[in-house]
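What follows is a set of notes on a single structure, which appears directly below.
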Amino acid sequence: MAAAVGDLKLLGVWDSPYVNRVQIVLNLKGLSYEYVEEDLLSKSERLLRSNPVHKKVPVLIHNGKPIAESQVIAQYLDEAFAGTGPSVLPADPYERATARFWAAFVDDKVGSPWHTILFAPEAEKKADAAVRIMAALETLEGAFKDCSRGGGYFGGDGIGFVDVVLGSYLGWFKVFEKMVGVKVLDAARTPLLAAWGERFAAADEVKDVLPDDVDKVIEFLQMFLD
């Protein structure tokens, strides 16, 4: 059951991995919130006022105070509601630093090429970006082995910070496969991550969050490419 936590609003877009990861953390913590869908072609005054620097989603508004950037929001929720639901970040300082390192790696080495695949007009740049994502996932295969310590997630036996950050891209991996013809999580290449991806996507806190209609996502994307 969702916990009563005051006034929580999330400004977002349904297929954004950055928004999805905040939704997953809210679900993990059992926090009730109001979701507000934004129109990125006509951004609301509330969004522009709440995130005047980047002018983008997600923005979490907690009792009238805005917090921007998905990783920052996830960490804020973990700290602000430490007594509610499971912790997303480890308690041990070294393990917490390690989780933050790998989360930053994911957005740098997976998220950055993701943008290239979506918006670069040249097929060569898209193909190169796909190669970079594959290389990053091979590195993350090793990180998973170390971080999970035999558990089912980067966080061990339960979903943690790195799981949320990487897992938020899973819906888009299927889109990549259709756009560039490359299977992203290949059991032959990264067997641990392939099994992890299926496990993460099936979790109760996740399964109704990630976009699963590839054609709908591509149709939405096309609005920004025309």
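Numbering starts at 1 and runs along the sequence shown.
- To the nearest 0.5 Å, atom CD of residue Glu122 and atom OG1 of residue Thr116 are 10.0 Å apart.
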- Chi angles and distances behind the side-chain contact (heavy atoms from CB on, under 4.5 Å) call for Arg100, Leu89: CA-CA 8 Å; Arg100 286 171 170 152; Leu89 281 157; 4.1 Å; yes
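- For the salt bridge (Lys or Arg N to Asp or Glu O under 4.0 Å) test, no residue two or more places apart in sequence or in another chain qualifies with Glu177.
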- Item | Pair Met134-Val184, side-chain contact (heavy atoms from CB on, under 4.5 Å): steps then yes or no | CA-CA 7 Å; Met134 297 302 106; Val184 181; 3.8 Å; yes
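- Of the candidates Lys126, Arg132, Lys125, Asp128 forms a side chain to side chain donor-acceptor pair (under 3.5 Å) with just one, namely Arg132.
- Taken together through direct or relayed side-chain contacts under 4.5 Å among Ile, Leu, Val, Met, Phe, Trp and Tyr, Val72 and Phe105 form part of one hydrophobic cluster.
- Residue Asp107 holds its CG atom at 8.0 Å from NE2 of His115, rounded to the nearest 0.5 Å.
- With no hydrogens or angles considered, no side-chain donor-acceptor pair links Asp78 and Gln75 at under 3.5 Å.
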- Item | CA sep, side-chain torsions, deciding dist, call: Thr98, Trp102, side-chain contact (heavy atoms from CB on, under 4.5 Å) | CA-CA 6 Å; Thr98 300; Trp102 285 116; 3.7 Å; yes
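- Asp157 has no carboxylate O lying under 4.0 Å from a charged side-chain N of Arg149, or vice versa, which leaves the two without a salt bridge.
- Inter-residue side-chain proximity for Val57 and Lys43 is flagged as unmet; no heavy-atom pair is nearer than 4.5 Å.
- Linking ILVMFWY residues whenever their side-chain heavy atoms come closer than 4.5 Å, directly or via other members, leaves Val131 and Val175 in distinct clusters.
- Arg199 has no carboxylate O lying under 4.0 Å from a charged side-chain N of Asp163, or vice versa, which leaves the two without a salt bridge.
- Between Trp114 and Tyr169, the ring centre distance stays below 6.0 Å.
- In summary, Asp92 and Arg96 do not engage in a salt bridge, as defined by a charged side-chain N under 4.0 Å from a carboxylate O.
- For the pair Asp39/Ser44, no side-chain contact is recorded, criterion being any heavy-atom separation below 4.5 Å from C-beta on.
- Considering only heavy atoms from C-beta on, Glu69 comes within 4.5 Å of His54 through its side chain.
- What you find for Val180 and Ala130 is that their closest heavy atoms are CG2-CB, 4.4 Å.
- Contact check for Ser50 versus Ile61: side-chain heavy atoms found under the 4.5 Å cut-off.
- Met179 contributes atom CE, which lies 7.5 Å from atom CD1 of Ile117 (distance to the nearest 0.5 angstrom).
- For Val25, the side chain to side chain contact (heavy atoms under 4.5 Å, CB included) partners are Lys29, Ala74, Leu77, Val88, Val164, not counting sequence neighbours.
- The hydrophobic clustering, which links ILVMFWY residues whose side-chain heavy atoms are closer than 4.5 Å, places Tyr35 and Leu40 together.
- Using bins of under 30°, 30° to 60° and over 60° for the plane-to-plane angle, the ring pair His62/Phe81 lands in the tilted bin.
- In the hydrophobic clustering of this structure, Phe119 groups with Ile133; members are Ile, Leu, Val, Met, Phe, Trp, Tyr whose side-chain heavy atoms approach within less than 4.5 Å, directly or through other members.
- Residues Glu141 and Leu192 approach most closely at OE2-N, 2.9 Å, considering heavy atoms.
- The minimum heavy-atom distance between Gly167 and Phe200, with the atom names listed, is CA-CE2, 3.4 Å.
- Here the straight-line distance linking atom CG of Leu41 with atom CE of Met223 works out to 5.5 Å at 0.5 Å rounding.
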- Item | Verdict with supporting geometry, Lys109 and Thr139, side-chain contact (heavy atoms from CB on, under 4.5 Å) | CA-CA 10 Å; Lys109 302 301 183 181; Thr139 299; over 6 Å; no
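- Between atom CZ of residue Arg21 and atom OG of residue Ser16 there is a gap of 8.0 Å, rounded to the nearest 0.5 Å.
- Looking only at side-chain heavy atoms (C-beta outward), Asp215 and Glu219 stay at 4.5 Å or farther from each other.
- Side-chain contact between Trp14 and Phe220: present, with at least one pair of heavy atoms (C-beta onward) separated by less than 4.5 Å.
- Between Asn20 atom CG and Asp15 atom CG the span is 7.5 Å, to the nearest 0.5 Å.
- Atom CD of Glu37 has more than 12 neighbouring heavy atoms from other residues, nucleotides or ligands inside a 6.0 Å radius.
- By the 4.5 Å heavy-atom criterion applied to side chains, Tyr76 and Glu79 are not counted as neighbours.
- For Trp196 and Phe154, the distance between ring centers is under 6.0 angstrom.
- Nearest heavy-atom pair across Tyr18 and Gly111 is OH-CA, 4.2 Å.
- Linking Ile, Leu, Val, Met, Phe, Trp and Tyr residues whenever their side-chain heavy atoms come within less than 4.5 Å leaves Val53 and Val59 in two separate clusters.
- Side-chain contact between Lys216 and Pro211: absent, with no pair of heavy atoms (C-beta onward) separated by less than 4.5 Å.
- Ring pair Trp172/Phe176 is tilted by interplanar angle, where 30° to 60° counts as tilted.
- Taking a cutoff of 4.0 Å between a charged side-chain nitrogen and a carboxylate oxygen, Lys9 and Asp7 qualify as a salt bridge.
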